[in-house]
Amino acid sequence: MPELPEVEVVRAGLERHVLGARIVAVEVLHPRPVRRHLAGASAFADELQGRVLTGARRRGKYLWLPLDSGDALMAHLGMSGQMLVQPPSSPDERHLRVRIRLDGAAEGRELRFVDQRMFGGLSISPGGAELPPEIAHIAPDPLEAAFDAEAVVRRVRRSASGIKRILLNQTVISGVGNIYADEALWRAKLHGERPGERLTAAKVRELLGHVRDVMTEALAQGGTSFDALYVNVNGESGYFERSLAAYGREGEPCDRCGSPMRRIAFMNRSSYFCPTCQPALRVRRIPAK
DNA sequence: ATACGCCCCTGCAAGC
DNA sequence: TGCTTGCAGGGGCGTA
């Protein structure tokens with residue numbers, strides 16, 4: 001159930017543990033996670049066989065491993081995906097979907113794609129080593145050099161949509177999911193339904209700063225609990241229970257003002273916010289006399 | 001061209 | 001105890 005910081009932890013782990021490895025065999029245990037490979041599961045396996053993994057890259061929540069062929073093995077973790085590096089002797093995980101046996105730099109290890117809900121998946125991007133064309137429409141994320149905050153400010157202020165919906169639109173800014181959207185909005189004292197076009201440029205800039213900060217802090221904490229051989233992404237790093245000010249805190253006191261935090265339905269999931277610090281509508285102030 | 005709702009899956013916890 | 005319902009951190013796609 002990863003957002004950008006969790007995906008980055010995985011990327012860094014892959015870079016450390018499978019760089020330079022050669023794929024010797026691929027076993028697809030469930031067809032759904034390779035559904036994007038239209039030629040089918042066995043073609044997917046055949047195309048990967050013999051390739052060398054030459055990198056580990058990320059944009060937003062998408063990961064890709066450039067191959068020595070110039071193509072890339074792409075991965076999206078969806079809601080429940082994990083990429084694990086395991087010795088073959090390790091028992092199969094309950095939701096193991098794809099097994100990739102390695103030699104060379106990662107001799108005797110397996111790269112495993114584990115995914116309970118299978119919203120995520122693996123695919124091969126032809127010529128996608130540098131930037132897979134399938135994700136060219138995804139905007140840069142706040143932690144990469146190509147991120148253009150002023151371009152995001154302009155798009156936000158051109159949109160009548162609610163600011164939270166805009167934050168979750170990966171073509172505007174990538175990597176932000178439901179948790180970090182709520183956290184950044186809480187820090188900025190903004191209600192997620194405030195229309196983008198009604199926000200000042202300065203306020204949007206401030207919000208983007210909070211987005212970057214909350215992700216950077218999460219990344220720092222997620223990285224510390226990272227075990228050397230076990231590339232984990234399941235969000236159980238301890239960060240979520242300890243450091244969240246908004247997400248999942250319905251009924252608990254706001255860390256800033258003490259008001260009970262509220263939860264509302266939003267886009268088939270939930271939004272958490274402080275009704276006092278984050279009013280839905282701008283309050284027209286009555287001038288003091 | 002946007003912008004929005006629907007749907008893809010499985011599993012868990014709470015409620016009846 | 002067993003069934004039903006709601007909910008879970010994502011995003012592609014069809015339709016307005």
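Both backbone and side-chain heavy atoms feed into the values below; hydrogens, waters and symmetry mates do not. Proteins get letters first, then strands, A, B, ... in listed order; numbering begins at 1 in each.
- In the displayed structure, Arg101(A) atom CZ is contacted under 6.0 Å by at most 12 heavy atoms of other residues, nucleotides or ligands.
- Listed nucleotides: dT10(B), dG11(C), dA8(C). Nearest to the side chain of Met79(A): dA8(C).
- Using a 5.5 Å limit on the distance between ring centres and a 30° limit on the angle between planes, the aromatic ring of Phe119(A) does not count as stacked on the six-membered base ring of dC9(B).
- Arg263(A) comes within 4.0 angstrom of sugar-phosphate atoms only, judged by non-hydrogen atoms across all strands, and of no base.
- Closest to the side chain of Ser159(A), from the set dA3(B), dG12(C), dT10(B), is dA3(B).
- Contact annotation: Ser80(A) does not reach the phosphate of dT10(B) (side-chain N/O to OP1 or OP2, under 4.0 Å).
- In this structure, of dG12(C), dG11(B), dG10(C), it is dG11(B) that holds the atom nearest to the side chain of Arg94(A).
- No contact: Arg158(A) has no heavy atom under 4.0 Å from any strand.
- Of the possible polar contacts, none joining the Arg57(A) side chain to the Trp64(A) backbone as a donor-acceptor pair under 3.5 Å is found.
- When the nearest nucleotides of DNA chain C are assigned to Arg117(A) and Ile138(A) by heavy-atom distance, the more 5′-ward of the two goes with Arg117(A).
- Along DNA chain B, the nucleotide closest to Asn268(A) and the one closest to Arg155(A) are compared, and the more 5′ of them pairs with Arg155(A).
- Protein atom CD of Glu250(A) is 14 Å distant from nucleotide atom C1' of dA14(B), rounded to whole Å.
- As rounded to whole Å, 21 Å separates atom P of dG10(C) from atom CD of Glu134(A).
- Atom C1' of nucleotide dG10(C) and atom CD1 of Ile173(A) are separated by 16 Å, given to the nearest angstrom.
- As judged by a 4.0 angstrom heavy-atom cut-off over every strand, Asp115(A) is placed among residues making no nucleic acid contact.
- Residue His76(A) places at least one side-chain N or O closer than 4.0 Å to OP1 or OP2 of dG11(C).
- Residue Arg36(A) places its side chain closer to dC13(C) than to any other of dA8(C), dG11(C), dC13(C).
- No side-chain donor-acceptor contact under 3.5 Å links Asp68(A) and Thr54(A).
- Considering only side-chain N and O atoms, Ser270(A) lies under 4.0 angstrom from the phosphate OP1 or OP2 of dA8(C).
- Contact annotation: Gln116(A) side-chain N/O to dG11(B) OP1/OP2 distance is not under 4.0 Å.
- For dC8(B), neither phosphate oxygen OP1 nor OP2 lies less than 4.0 angstrom from any side-chain nitrogen or oxygen of Arg35(A).
- For Arg165(A) and dA3(B), the shortest distance from a side-chain N or O to OP1 or OP2 is not below 4.0 Å.
- Put simply, CG on Leu77(A) is 13 Å from C1' on dG11(C), counting in whole angstrom units.
- The nucleotide dC9(B) finds no pairing partner, because no Watson-Crick or G-U wobble arrangement with both distances shorter than 3.5 Å includes it.
- In this structure, the nucleotide among dC4(B), dG10(C), dG11(B) sitting nearest to the side chain of His95(A) is dG11(B).
- A distance-only check finds no donor-acceptor pair linking the side chain of Asp182(A) to the backbone of Ala246(A) [under 3.5 Å].
- Under a 4.0 Å N-O distance rule, the pair Asp141(A)/Arg58(A) qualifies as a salt bridge.
- Following rounding to the nearest Å, Asn169(A) (CG) and dG12(C) (C1') show an atom-to-atom distance of 13 Å.
- Here the P atom of nucleotide dT2(B) and the NE2 atom of His137(A) are 14 Å apart, to the nearest Å.
- A donor-acceptor contact under 3.5 Å is formed by the side chain of Arg269(A) with the base of dG10(C).
- Remark: Glu15(A) engages Arg11(A) in a salt bridge, criterion side-chain N to carboxylate O under 4.0 Å.
- The 12-atom threshold is not exceeded at NZ of Lys189(A), counting heavy atoms of other residues, nucleotides or ligands nearer than 6.0 Å.
- Between the CE atom of Met118(A) and the P atom of dG12(C) there is a distance of 18 Å, rounded to whole Å.
- Between dC3(C) and dC9(B), the distance separating the two P atoms is 24 Å to the nearest Å.
- The interatomic distance linking Leu122(A) (CG) with dG11(C) (P) rounds to 16 Å, in whole Å.
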